[in-house]
Amino acid sequence: MTTTTPATPNESPTRSDVSHDAIENLSREDRAFPPSAEFAAQANATAALYDAAAADRIAFWEEQARGLQWEKPWHTALDWSGAPFAKWFDGGKLNVAVNCVDRHVAAGHGAQVAYHFEGEPGDSRDITYAELLTEVCRAANALESLGVRAGDRVAIYLPMIPEAAVAMLACARIGAVHSVVFGGFSAEALRSRIEDAQAVLVITSDGGHRKGKPMALKPAVDEAVAASPSVRNVLVVKRTGQDVEWTDKDLWWHDVVDAQPDTHEAASFDAEHPLFILYTSGTTGKPKGILHTTGGYLTQVTYTHRTVFDLKPDTDVFWCTADIGWVTGHSYVVYGPLANRATSLMYEGTPDTPHNGRWWELVEKYRVSILYTAPTAIRTFMKWGEDIPARFDMSSLRVLGSVGEPINPEAWMWYRRVIGGERCPIVDTWWQTETGGIMISPLPGVTETKPGSAMTALPGIGAQVVDDEARPVGNGGGGYLVLTEPWPAMLRGIWGDNQRYVDTYWSRWNGLYFAGDGAKLDEDGAIWLLGRVDDVMNVSGHRISTTEVESALVSHPSVAESAVVGASDDMTGQGIVAFVILREGVDPGENVVADLRNHVAHEIGPIAKPRQILLVAELPKTRSGKIMRRLLRDIAEHREIGDVTTLADANVMTLIGQGLDSANAED
Ligand code: WTA
């Protein structure tokens with residue numbers, strides 16, 4: 001086992017050691033926000049965490065793991081002899097559901113609310129830890145009564161309702177491996193995931209409420225299950241009451257689960273027992289089943305949830321807005337918060353139903369104190385205007401988080417000012433389905449933050465930015481983000497295809513995990529994410545990140561959101577094409593395109609000046625909110641687009657719309 005090299009600012013080599021940057025470093029940010037003395041005085045995290053992890057990284061992680069309840073202690077904290085297949089806390093045994101639920105009830109916290117559930121139509125329900133325990137025990141008994149055994153795979157295809165968390169915990173309790181499939185995915189996406197995992201059971205519902213209407217889920221399940229011989233039963237939660245077709249595999253959740261005993265004796269499982277598979281789209285199109293296991297995963301999500309969000313179990317109300325179909329929902333709606341005995345808000349619907357202030361109304365209603373969401377949501381709220389959140393009392397908020405994409409500095413500033421009332425620290429958290437938990441983030445109360453930067457690797461995590469030869473680029477340089485040390489919540493492979501795991505993540509440079517993201521280090525060594533390297537543009541030999549140009553555009557007062565792509569160009573190799581959404585109420589005027597081009601040139605340099613700017617009303621996004629640049633590239637390359645296109649042309653938008661439908665099936 002090698003010792004750690006955390007990516008602390010002062011350990012990076014200087015610029016003179018470096019031959020060239022793999023990606024240009026164009027923008028500069030001078031604003032910085034040190035933690036307030038009041039926040040620092042009460043913060044869960046202190047700078048000592050960095051020292052402890054630097055002194056002995058493995059001992060540091062063992063210390064974090066000891067916060068969980070183990071039935072049997074581990075004998076080996078990290079076995080990396082089979083690299084890149086890690087074993088963490090080998091020999092240890094624990095039960096994830098017991099850690100998330102039973103132990104809090106046993107400690108006298110049964111009456112504490114685990115979830116405030118708010119349905120889109122306005123129905124609501126509070127579930128205490130004691131009630132959650134009963135529900136999970138019944139569901140675990142139900143799964144066993146259906147013949148589900150430890151190691152079996154269970155597909156979960158549900159809206160954001162409490163049964164989703166109950167189903168996941170019931171699987172974890174009996175050692176079954178869940179595979180949650182986002183409820184917005186098609187029957188074919190569900191079928192291919194069921195088949196890949198050979199799931200024996202599907203847990204679903206009649207439907208869910210979305211944008212003011214019941215959205216059916218069961219028909220997609222019927223179609224998928226008809227073509228899935230591995231599935232023995234389908235357990236159906238009644239959520240909307242809409243009509244459903246019934247097959248002989250189908251059982252109502254309320255018939256099967258409610259009839260079960262409300263206690264269940266939980267066995268413990270090996271630290272490396274599989275906990276879940278979560279499919280993520282690969283570049284080749286075949287979904288990758290990212291495999292996570294038990295002890296290391298729970299250790300890291302619990303530790304990061306406590307320190308990054310400064311969670312105080314007795315007083316905070318935590319709201320992670322992600323759907324449980326994404327890893328963010330797994331780690332920060334279910335496992336991390338419950339292991340820390342958090343009170344969370346779970347909301348079923350969309351931010352614009354029945355009105356554009358719904359989220360802020362919920363913040364006011366539940367006194368939400370920690371909000372964790374995605375830049376795409378923040379930019380949408382920027383577009384709608386700040387008068388909407390201004391109508392609600394959001395004084396309960398004290399920490400704000402961001403995840404999923406680079407957050408543009410202006411969106412960060414808006415989030416801080418309009419949502420956080422200038423008082424809440426912002427944690428921009430970089431991680432992936434593959435990493436299982438947060439890897440790079442400020443620690444509130446410790447880190448002086450910069451708008452748009454995820455800052456540095458968390459204590460216990462090794463990250464670097466390297467060039468094509470895997471040499472660290474040094475402060476001021478741009479290149480590829482790599483992880484230099486195994487971490488507890490790391491993926492343990494790709495389900496059924498371990499060679500693909502090695503090829504995808506570990507083959508570019510020996511011993512380094514390549515995340516696929518570009519990044520740069522600023523003069524202080526803070527990390528700035530630059531987007532997926534597949535999106536990097538090559539303009540006259542300069543490798544320019546889409547993120548930097550997008551952030552320059554968003555820093556213009558008229559712009560709410562932008563997506564930038566490189567389109568082939570006879571003169572320059574690639575030319576920069578920008579799609580821009582203006583803020584609501586902004587008059588496009590005659591000169592807006594010229595203004596924006598000059599603005600980019602002024603902010604980050606003439607080399608980054610877009611060749612074309614298109615004003616559009618919408619951008620194509622994956623269901624988790626990431627901009628689909630591939631689609632925009634197609635549009636930019638194959639369509640005749642005038643040099644100065646001022647308003648959304650219907651054809652472009654139709655194309656965007658068509659692409660969205662087919663693309664959604666994969667991601
Ligand atoms: C991107 C989501 C910049 C990145 C947890 C990563 C980010 C991918 C950030 C993983 C961030 C996530 N700043 N980029 N704070 N967080 N990303 O698997 O490209 O859905 O590789 O996991 O999202 O997306 P995934």
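In listed order, ligands and their atoms are each counted from 1.
- Under the ring-ring contact (aromatic ring centres under 6.0 Å, His included) criterion, Trp384 pairs with Phe381, not counting sequence neighbours.
- Partners of Asn538 by side-chain contact (heavy atoms from CB on, under 4.5 Å), not counting sequence neighbours, listed by chain and number: Arg543, Gln574.
- If you look at ligand 1, the protein residues with a non-hydrogen atom under 4.0 Å away are Val327, Thr328, Val403, Gly404, Glu405, Pro406, Asp428, Thr429, Trp430, Trp431, Gln432, Thr433, Asp517, Leu529, Arg532, Lys626.
- Between Trp319 and Tyr372, the gap from one ring centroid to the other reaches at least 6.0 Å.
- Among residue pairs with one or both ends in residues 401-412, those qualifying as side chain to side chain donor-acceptor pair (under 3.5 Å) are Arg31-Glu410, Arg379-Glu405, Arg379-Asn408, Asn408-Ser551; sequence neighbours excluded.
- Partner His330 forms a ring-ring contact (aromatic ring centres under 6.0 Å, His included) with one of Phe276, Tyr297, Tyr335 and no other, that one being Phe276.
- Figure legend: cation-pi geometry between Arg193 and Tyr157 absent, as NZ or CZ is not positioned both under 6.0 Å from the six-membered ring centre and within 45° of its axis.
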